[in-house]
Amino acid sequence: MASARARGDSIFGGLTLVATALVLVVLAGIALATLIGGWPAFARFGAGFVSHTVWDPVQRDFGALVPIYGTIVTAVLSLLLAVPIAFGIAIFLTEVAPRRLVGPISAAIELLAGIPSIIYGMWGLFVFVPFMADWVDPWLTASLGRLPVLGVLFSGPPLGLGMLTAGIILGIMVVPFVAAVMRDVFTLVPSALRESAFALGATRWEVVWGVVLPYTRTAVVGGIFLGLGRALGETMAVTFVLGNAHDFNLSLLAPSTSIAAAIANEFTEADSATYLSALIALGFILFVVTFIVLVFAKLLLLRLARQAGR
Amino acid sequence: MSPPRTLRGRRRQAVNALALGLASLATLLGLVMLAWILGTTLIHGAAALGPHLITEMTPPPGAAGGLANAIFGSTLLILVAVLVGAPIGVLAGTHLAEYGRNGPFAGIVRFVNDILLSAPSVVIGLFVYQIVVRPSGHFSGWAGSIALAFILLPVVVRTTDETMRLVPISLREATLALGAPKWRMITQVIYPAARVGILTGLLLGIARISGETAPLLFTALNNQYWSMDLGHPLANVPVVIFQFALSPYESWHSLAWAGALLLTMFVLLVSVLARTLLRGRTN
């Protein structure tokens with residue numbers, strides 16, 4: 001009897017352990033499988049793989065600088081847009097909104113995160129790209145495009161496609177993630193701290209800027225990095241609106257590509273082993289970069305959680 | 001509050017009003033974007049709705065047709081992904097909550113699981129391409145389901161772990177005091193107590209994988225015809241939307257919008273259901 005029950009326990013416990021180990025195996029497997037798959041490209045092109053702009057499937061010569069550059073620029077643009085908006089939403093939900101509006105508005109903002117990225121892509125292609133081409137791009141070229149040095153960022157024909165459009169759409173997608181983290185950590189601020197600031201005569205904004213934000217700073221940065229991780233790896237939304245061009249162009253209004261978009265667009269067209277390997281190598285680079293960003297984000301978020309738990 | 005008398009006081013009030021006004025504006029902007037995206041999908045999608053969507057197959061270029069094979073394919077892919085991913089996820093979550101608890105191993109796994117939760121799905125697709133598609137020599141529904149299962153897994157692990165840890169310790173002590181072995185305590189007391197939370201996690205996971213497109217491009221790919229065979233390329237709604245939307249044909253665009261509307265409604269319904277369940281539990 002005693003041995004039967006010990007057997008039941010060890011079988012069940014063993015099963016749960018195997019399942020848990022699988023979580024670790026999947027993460028290690030992703031790194032290993034993409035490294036092995038991309039190895040022929042890394043071995044053949046060496047450091048040139050990340051520093052050259054030539055992407056020529058016919059000559060089988062691959063340099064990934066353009067997609068890497070596109071990934072970084074679109075992600076940075078998305079954060080420039082998403083961080084202030086998410087901060088505003090978090091302030092509105094924690095300081096301004098009447099109590100009965102908080103639930104519905106939070107739910108609506110969360111819906112933005114629930115919309116599949118391919119829907120963002122379709123909306124981007126059919127609605128937002130024409131909007132940018134008709135209204136925003138011509139205006140930017142006529143105003144900022146005339147500036148001496150920065151002008152080159154806004155030059156070129158108003159196609160609507162490009163890194164600026166992709167960055168804006170990514171920004172909209174990232175907003176709910178960053179806003180949710182900010183709102184959650186803002187509520188962790190001890191009310192004694194907030195109330196003493198109010199008692200000293202501080203305005204709401206001064207309490208947010210002088211008390212709430214300093215207290216939650218590390219977690220807020222963690223939330224922003226979480227958003228950065230999302231933006232770097234997002235695929236379908238940007239694939240539709242980047243234009244898939246491997247020509248290096250400084251202009252934010254010119255067609256470009258990103259790591260994820262290049263993989264999604266070209267994978268089924270890859271007609272040589274080298275081409276396929278180059279795309280998988282891109283995947284490996286993307287994984288390593290997002291991994292580092294996400295680890296950093298988690299560590300920052302854990303710090304506030306520990307502080308609040310104390 | 002009485003109006004400030006000093007110049008400095010008036011300026012501080014003005015800055016405060018400006019900041020809170022901008023914050024309200026940011027929220028309004030978020031809501032406008034939501035309405036714009038959902039509204040566009042609804043208008044274009046509703047115009048393309050009709051019974052042909054579920055009675056006809058995806059058409060060749062330029063022709064008329066429906067999405068029957070893609071809807072069926074997506075359902076099959078998601079179903080198999082849940083059957084594969086959910087039990088593993090629940091078991092792993094069980095380990096974290098009941099065996100690992102606050103130990104270092106459980107801490108590492110939780111950390112890794114959170115990373116996996118945010119890892120780019122396109123890379124998970126490449127991973128499954130390497131371990132399933134390449135060895136077998138062809139794209140297949142199985143590969144698609146496995147990729148989706150890997151995306152579902154961390155969602156289920158996390159929610160299972162979190163809800164099981166919420167079950168009161170006294171329930172465990174009472175069960176063990178009756179002489180029940182630990183595995184019976186978990187399966188017959190803890191699981192029933194945590195079932196709403198586990199179900200919520202499953203629904204959130206389904207909402208997450210239903211819209212996934214990128215990983216399916218390297219695994220299930222697509223199939224123009226009706227197929228129930230997981231051993232071969234399988235039609236699915238997201239990849240059909242992707243290919244049809246980027247095509248030059250008007251009839252394909254219209255089908256892509258119909259697919260987009262069906263997909264969005266399904267995903268939002270499932271996530272609203274999950275949230276309602278969650279709210280019912282906390283009250």
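Proteins come first, then strands; the chains are lettered A, B, ... in the order of their sequence lines, and each starts at number 1.
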### Query
Any side-chain heavy atom of B:I37 sitting closer than 4.5 Å to one from A:Y120?
yes
### Task
Nearest 0.5 Å please: distance from the CZ atom of B:F150 over to the CD1 atom of A:I30.
8.0 Å
### Query
Relative to the ring of B:W36, is the ring of A:F131 parallel (under 30°), tilted (30 to 60°) or perpendicular (over 60°)?
perpendicular
### Query
Please walk me through it: do B:L217 and A:T268 pass side-chain contact (heavy atoms from CB on, under 4.5 Å)?
CA-CA 8 Å; B:L217 285 173; A:T268 45; 5.6 Å; no
### Query
Could you walk me through whether A:T235 and B:T213 pass the side-chain contact (heavy atoms from CB on, under 4.5 Å) check?
CA-CA 9 Å; A:T235 310; B:T213 314; over 6 Å; no
### Query
If you round to the nearest 0.5 Å, how far is CZ of B:F218 from CG of A:L276?
10.0 Å
### Query
Does the ring center of A:F267 lie less than 6.0 Å from the ring center of B:Y129?
yes
### Query
Do A:F87 and B:L22 have side chains that get closer than 4.5 Å, going by heavy atoms?
no
### Message
Measuring only between side-chain heavy atoms, which start at C-beta, is B:T27 closer than 4.5 Å to A:L93?
### Response
no
### Summary
Counting heavy-atom pairs under 4.5 angstrom with chain A, the leader among B:L153, B:T264, B:D114 is B:D114
### Task
Nearest 0.5 Å please: distance from the CG atom of B:L126 over to the CG atom of A:L282.
9.5 Å
### Query
Hey, which of A:T34, A:L15, A:I172, A:L17 has the most heavy atom pairs under 4.5 Å with chain B?
A:L17
### Message
Once rounded to the nearest 0.5 Å, what's the spacing between atom CG of A:L125 and atom CG of B:L246?
### Response
6.0 Å
### Query
Looking at A:T203, A:L226, A:V208, which one has more heavy-atom pairs under 4.5 Å with chain B than the rest?
A:T203
### Query
Do the ring centers of B:H253 and A:F126 come within less than 6.0 Å of each other?
yes
### Message
A:V295 vs B:F111, test: side-chain contact (heavy atoms from CB on, under 4.5 Å). Steps then yes/no.
### Response
CA-CA 8 Å; A:V295 165; B:F111 193 89; 4.0 Å; yes
#### Entry: Closest-packed option against chain A by number of heavy-atom pairs under 4.5 Å, given B:V128, B:L28, B:I186, B:L18
B:I186
### Query
Considering residues, nucleotides and ligands other than B:R101, do more than 12 of their heavy atoms fall under 6.0 Å from its CZ?
yes
### Query
Looking at B:A245, B:G211, B:A214, which has the largest count of heavy-atom pairs under 4.5 Å with chain A?
B:A245
#### Entry: chain B contact via A:M236 - side chain, backbone, both or neither, heavy atoms under 4.5 Å
side chain
### Query
Going by heavy atoms in the side chains, are A:E110 and B:R275 under 4.5 Å from each other?
yes
### Task
Could you tell me whether the side chain of B:F105 reaches within less than 4.5 Å of the side chain of A:T20, counting heavy atoms only?
yes
### Query
What do the steps show when you test B:L34 against A:I115 for side-chain contact (heavy atoms from CB on, under 4.5 Å), and what is the final call?
CA-CA 9 Å; B:L34 177 73; A:I115 298 174; 3.9 Å; yes
